[in-house]
Amino acid sequence: MAALPLLLALLIRGMASAAHHPRLPRHRPSCHMVQMSVVVCSNLSLTGAPVNLPPGIETLDLSHNQVQNLTRDTLAYRTDLRHLNLHSNKIHFIQPGLFEDMTNLKILDLSRNHLNVFALTKNKIGTLAAVETLDLSSNGLYTGMSDFLIADSPSLVELSLNSNSITKIAQNTFRGALSLRKVSLHNNVILEIEDGAFDSLDCLTELDLSKNSITCITDFNLSRLKVLNLSKNSLEIFQSTRLTDVYDLVFLDLSENKLPCFPLLPANNSIQHLDLSRNQLQSVNMTDTPERKTHVVLNHLRYLDLSYNQLKDIPQSFFHTMTSLEVLNVSNNCIDSFLIVDKDLLPAVKIINLNYNSLQRLSFGEATLQSLKELLLRGNDLSTLEQQTLQRLPSLNLLQLQENNLRVCPWDTKPCPSDHNRLHPPDCVYFSCIPNLKYLYLSQNNLKSLPFSAFADTPLTLLDLSLNPGLEMHPDSLSGLEHTLVHLFLRENNISKLNTELSSLRSLRLVDLSTNQLTSLPAWSKESSIETLNLHNNSLVTLEHSTMIALERSLKTLYVGSNPLSCCGNLGFLHLVQHSTVVVPDIETVTCLLREDSEPVNIEKVSREMCHSPKKVNYIIVVVVFVLFAMIMSGLMVKYCKSRKRKHVRRFIA
Ligand SMILES: *[C@@H]1O[C@H](CO)[C@@H](O)[C@H](O)[C@H]1NC(C)=O
Ligand SMILES: *[C@@H]1O[C@H](CO)[C@@H](O)[C@H](O)[C@H]1NC(C)=O
Ligand SMILES: *[C@@H]1O[C@H](CO)[C@@H](O)[C@H](O)[C@H]1NC(C)=O
Ligand SMILES: *[C@@H]1O[C@H](CO)[C@@H](O)[C@H](O)[C@H]1NC(C)=O
């Protein structure tokens, strides 16, 4: 190892400099000391550890180097290390027994090496006396090879074999590592798990088998497991047959498999998180055969994801035991009707995601779903809701109804809570008197009209009415929102004139009117507190001076590109852009016309002076003609003088 003395010199210089002042870029790269006991020698093309590290080093980072043969020599043999990182080297040989005397070594990272080559030599690395965390991921290991590496690992608690090529977990795979608590086998090609492969691991609580090729688990019996990840396999069956045992399972990820029906879970479980998204579920039936009616109790369940399946309906009985459920995701299925009528159902649910189904009917009974905060109904076929559905949800804060087919009911004059049932037409939805609703999304609903006081007594702060082309808004449609509404979206509505009163909305900070046909601005008074106004892509020729003055006080951001603005008709606006603190993010596209038939010019290039003489072009011609005339005249004068001079001289000579 001729390189070692040099490395040592570099190391010591590096450490000396690191201790006193930051390393300068001109220094040759070297190991550096991060803290008293941590040395980092990453990315230095080293083939081994520097020979004489000072004593007391506990962590040595040799990742991203060229170590090939891991021996006492290359490791500059030392027994005091606690944490050795050899990630991303080229290790294909480990001296047997190397780690035997390293009784402090707790964390060993051998990921991204070539330990498959070592395993082929049929040598064993020997005892990993103290190692608790071992990373063997990305080593090209296939079935049985880990035997040579972990055969004697009495202290091993956490093992990663991620991203190898293991196809089978045999009965004896973990025989030498009986203290294991967490095993990760993500991204292998596991097809088979032998019966009892994990049985001897009494402490095993976390098992990651995600991204493998497992097709069925017919007798899930690891009752002490807390976390099981089987995401991204090809599971068609998951069942637990010992239904009366008590299971500790808390987290079960079965997403991205091919399950055609609900897994048969242990009846007595602690499952809090169950992910069944992206399977082929057609029903949520929890019993395998009609004769055997075991009652699976899911009273610990807090998160249930059934999105991206083929469910057509979910019977209310499915939810009977789910008294702790907080998040229910059934988005992207084919559900056409969703009913929760019994008031004891889902008492803790906070989020129900029903986006992208084919819902036509939604009904919540009286006093149900009292904790519901977010109801997501985007992309359905709703044209109406059961009466009072929304008014009965005291915690509802966010409601997504984009891409439906709703009509908005007009306010009836009775005070809240009134008996709406009788009065409002059945083919529309009431948005007034929803006691805590703050965020309402109604874009792409083909809304034709927005009646008077449509949101009265609903404390909306955000209202999105975009993408409803042709929407007719009653002048007082937003009345009632004076003190709450902060964000208003009216994008792509084909509005040519906004006749709705916006200046009384005292809390309004953001208004998006982009991509409409506006020819004039809505009137705003001096009390306006609008900070962001989006007028991009409209038909505005002039921005009324009085409105701009009223806005200037609070306005911070203005989008106004892609409008046929007139340059000289907007000198007030020009001033605003050039001299005030208003930011115009789309300034590149803000052009104006100096004259009706002229090319658009960028507003930043326009000056007041260009507008002072309307006959600017003629003026230029006059100047040019005058200058030309002056030049010709002076030319003639010079010529005349010269010729006179010449004559004079000639005469003088003569
Ligand atoms: C690794 O080093 C040891 C000791 O120096 C030597 O005996 C062995 O042949 C080397 N193995 C390889 C594969 O280079
Ligand atoms: C389970 O595995 C999938 C796929 O690797 C991953 O996306 C998910 O986060 C994992 N879940 C947990 C809790 O680790
Ligand atoms: C299901 O919906 C919940 C709540 O909206 C969300 O957090 C989760 O990411 C969704 N799941 C998938 C797979 O999109
Ligand atoms: C937009 O409004 C114009 C008239 O203002 C009308 O001719 C056109 O059909 C409208 N487009 C849509 C999609 O409603």
Side-chain angles (χ1 to χ4, degrees), residues 137 158 160-163 182-190 205-214 225-235 238 249-257 271-279 281 301-309 311 314 325-333 335 346 349-357 371-379 396-400 402 439 441 443-449 465-473 490-499 513 515-520 537-539:
S137 55
E158 196 173 325
S160 169
L161 284 163
N162 292 347
S163 305
K182 178 173 177 184
V183 176
S184 303
L185 287 155
H186 168 80
N187 195 22
N188 277 278
V189 272
I190 299 168
T205 54
E206 242 177 277
L207 180 56
D208 186 353
L209 289 166
S210 59
K211 207 159 183 227
N212 276 290
S213 310
I214 303 166
L225 211 57
K226 291 207 162 92
V227 178
L228 175 58
N229 196 341
L230 280 163
S231 171
K232 301 190 185 170
N233 276 278
S234 308
L235 279 180
F238 179 91
L249 196 61
V250 171
F251 185 103
L252 177 56
D253 191 344
L254 293 169
S255 61
E256 300 192 52
N257 276 290
I271 300 175
Q272 292 182 15
H273 184 113
L274 177 56
D275 193 343
L276 284 161
S277 61
R278 296 182 202 271
N279 273 282
L281 297 185
L301 194 60
R302 292 163 63 166
Y303 180 96
L304 175 59
D305 199 335
L306 294 167
S307 60
Y308 298 93
N309 276 288
L311 298 172
I314 301 188
L325 192 67
E326 291 176 6
V327 179
L328 171 63
N329 190 349
V330 273
S331 64
N332 295 279
N333 278 283
I335 297 167
L346 300 176
V349 82
K350 293 197 171 89
I351 302 178
I352 296 183
N353 187 344
L354 279 158
N355 285 344
Y356 300 106
N357 275 284
S371 309
L372 187 64
K373 284 201 161 87
E374 295 184 14
L375 180 56
L376 314 181
L377 297 166
R378 181 175 192 159
L396 189 65
N397 180 266
L398 180 143
L399 177 56
Q400 290 194 352
Q402 305 94 310
Y439 305 93
Y441 298 85
S443 58
Q444 275 182 286
N445 263 281
N446 213 3
L447 286 179
K448 288 291 166 240
S449 67
L465 293 164
S466 303
L467 289 145
N468 286 298
L471 176 68
E472 295 269 347
M473 293 173 73
L490 289 165
R491 264 183 318 120
E492 298 184 52
N493 275 348
N494 204 19
I495 300 172
S496 52
K497 184 164 172 32
L498 193 70
N499 37 27
L513 284 160
T515 313
N516 279 292
Q517 319 277 323
L518 286 181
T519 51
S520 64
N537 197 15
N538 273 282
S539 309

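One-based numbering, in listed order, for ligands and for the atoms of each.
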Inset, instruction - Say whether Ser331 and ligand 3 are in contact under the criterion: heavy-atom distance to a ligand atom below 4.0 Å. - result: no

Inset, instruction - Run the numbers for me: atoms of ligand 3, each under 4.0 Å from some heavy atom of Tyr303, listed by number. - result: 8 (C)

Legend entry - Member of Leu281, Asn332, Asn279, Asp275 meeting the side chain to side chain contact (heavy atoms under 4.5 Å, CB included) criterion with Leu306: Leu281

Legend entry - Heavy-atom nearest neighbour in the protein, as seen from atom 11 (N) of ligand 2, with distance rounded to 0.1 Å: Asn229 ND2, 2.9 Å

Legend entry - Any donor-acceptor N or O pair under 3.5 Å, side chains Ser255, Ser231: yes

Inset, instruction - Tell me, please: is His186 in heavy-atom contact with ligand 2, that is, under 4.0 Å? - result: yes

Inset, instruction - Consider only side-chain N and O atoms of Asp208 and Ser184, and report whether a donor and an acceptor are under 3.5 Å apart. - result: no

Inset, instruction - State whether the shortest distance between N or O atoms of Asp305 and N or O atoms of ligand 3 falls below 3.5 angstrom. - result: yes

Legend entry - Numbered atoms and elements of ligand 2 in range of Phe251, under 4.0 angstrom, heavy atoms: 13 (C)

Legend entry - Subset of ligand 2 atoms that lie under 4.0 Å from at least one heavy atom of Ser210: 2 (O), 4 (C), 5 (O)

Legend entry - Polar atom proximity, Asn494 to ligand 4 (N or O, under 3.5 Å): yes

Legend entry - Distance-only N or O hit between ligand 3 and Arg278, under 3.5 Å: no

Legend entry - Proximal ligand 3 atoms for Leu376, defined as those under 4.0 Å from one of its heavy atoms: 5 (O)

Legend entry - Nearest protein heavy atom under 4.0 Å from atom 9 (O) of ligand 2, yes or no: no

Legend entry - Top protein contact for atom 2 (O) of ligand 3, by heavy-atom distance: Asn329 ND2, 2.2 Å

Inset, instruction - Quick one: look up the protein heavy atom nearest atom 5 (O) of ligand 3 and list residue, atom name and how far away it is. - result: Asn353 ND2, 3.2 Å

Legend entry - Exercise: do Arg378 and Tyr356 side chains pair donor with acceptor under 3.5 Å: yes

